[in-house]
Every structure is written in C-alpha cells, then in structure tokens.
Asks: 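To start, I am sharing the structure in question, which I have written as structure tokens.
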Amino acid sequence: MATLLIVHHTPSPNCQAMFEAVVSGATAPEIEGVRVVRRAALSATASDVLEADGYLLGTPANLGYMSGALKHFFDQVYYPCLDETRGRPFGVYVHGGNDVTGALRGIESITTGLGWRGAAEPVTVTGQPAKADIEACWELGATVAAGLMS
C-alpha cells in the first residue's frame with residue numbers, strides 16, 4: 001500500500017479549512033490503496049518522509065516566507081532524505097494574508113534540491129478562502145493521492 005504523508009503547519013482557521021479539504025480529497029472513497037499519514041510540521045521526522053511514497057505540504061506564509069515550523073521540518077529531513085526520496089511526487093498549499101510568493105519560492109527551492117517532482121499545481125490563497133479555494137485544496141489532495149494508486 002502506498003503512503004501519502006501530509007506535513008502541515010495549521011495555526012489559523014483559514015489554514016485549518018485548507019488542511020481539512022486536502023485531507024478530504026486525499027481520503028475520498030475513490031482513492032484506493034493509499035494510506036494517508038498526517039503530521040504536524042514540528043513532529044514530522046525523516047523516518048516519516050522515508051516511509052512515504054508522496055507528500056503534501058501545507059503552510060501559512062509568514063513574513064514573506066514559509067512558516068518556521070515547515071522550515072524546521074525541511075532542516076531536519078533534508079540530508080537524511082536527500083538521496084532516498086528523489087523523484088517522489090509532492091503537492092503544496094499556502095495561505096497568506098496578502099502575499100505567498102516568498103513562501104512558495106522557498107518551498108520550490110527546497111523541493112527542487114530534494115529532487116521531488118510537482119504532482120499538481122500549488123494551491124495559493126490570500127485572505128479568507130473562498131469556496132473555489134477549498135475545492136482546489138480538495139482537488140490537490142485527491143490528485144496527489146490518486147497519483148500514488150497502483
């Protein structure tokens with residue numbers, strides 16, 4: 001069975017709504033043979049990453065960058081996972097008050113270094129998530145999970 005690891009930092013109701021939609025999409029009844037593991041960014045480990053076949057990353061944009069929690073996750077797992085996880089698929093969602101560009105750029109830089117491949121377009125939301133934003137998060141979860149089905 002394939003494993004999808006969702007690593008997230010969810011400090012606000014907006015991030016929580018996006019996270020829940022991603023999880024709902026990843027665990028939709030049509031998705032078969034994929035185990036979904038959820039880890040807060042501060043508790044996710046290199047072992048979690050090595051045991052997964054694909055990843056979903058979620059973060060707020062804080063001061064023009066990804067959250068410190070997600071950056072900490074990357075700092076902890078980068079070298080232990082560098083050679084073992086190349087080519088694995090990932091997706092990302094980012095929420096910000098007014099701009100998510102720096103956060104997305106940082107995540108793309110790190111995932112490029114890891115050799116991960118984007119499995120879906122990033123979902124970026126500023127302000128209150130609209131219904132279409134929540135639907136996009138659901139689609140992100142479903143798309144990345146479906147890509148792991150054998």
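The basis for the numbers below is simple: all heavy atoms, side chains too, and nothing from hydrogens, waters or symmetry mates.
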Asks: How many angstroms lie between CD1 in I6 and OH in Y93, if you round to the nearest 0.5 Å?
Replies: 7.0 Å
Asks: Would F19 end up clustered with V7 when hydrophobic side chains under 4.5 Å apart are linked, directly or stepwise?
Replies: no
Asks: When rounded to the nearest 0.5 angstrom, what distance separates NE2 in H8 from CD in E20?
Replies: 10.5 Å
Asks: Indicate the atoms forming the closest heavy-atom contact of A26 with V36, along with that distance.
Replies: O-CG2, 3.8 Å
Asks: Measure the spacing between CZ of R105 and CE of M66 and express it to the nearest 0.5 Å.
Replies: 11.0 Å
Asks: Following the transitive rule for hydrophobic clusters with a side-chain heavy-atom cut-off under 4.5 Å over Ile, Leu, Val, Met, Phe, Trp and Tyr, establish whether F73 and V37 coincide in one cluster.
Replies: yes
Asks: Nearest 0.5 Å please: distance from the CE atom of M1 over to the CD atom of E32.
Replies: 9.5 Å
Asks: What pair of heavy atoms forms the shortest contact from V144 to Y55, and how long is it?
Replies: CG1-O, 3.9 Å
Asks: Please report the shortest heavy-atom distance between R117 and G87, naming the atom on each side.
Replies: NE-O, 3.1 Å
Asks: For the backbone of R39 and the side chain of S43, can you confirm whether one donor and one acceptor N or O come within less than 3.5 Å of each other?
Replies: no
Asks: If you count heavy atoms of other groups shown closer than 6.0 angstrom to CD of Q16, is the number above 12?
Replies: yes
Asks: Using 0.5 Å steps for rounding, measure from the CG atom of L4 to the CZ atom of R35.
Replies: 10.0 Å
Asks: Do the side-chain N and O atoms of D99 and T101 include a donor-acceptor pair separated by under 3.5 angstrom?
Replies: yes
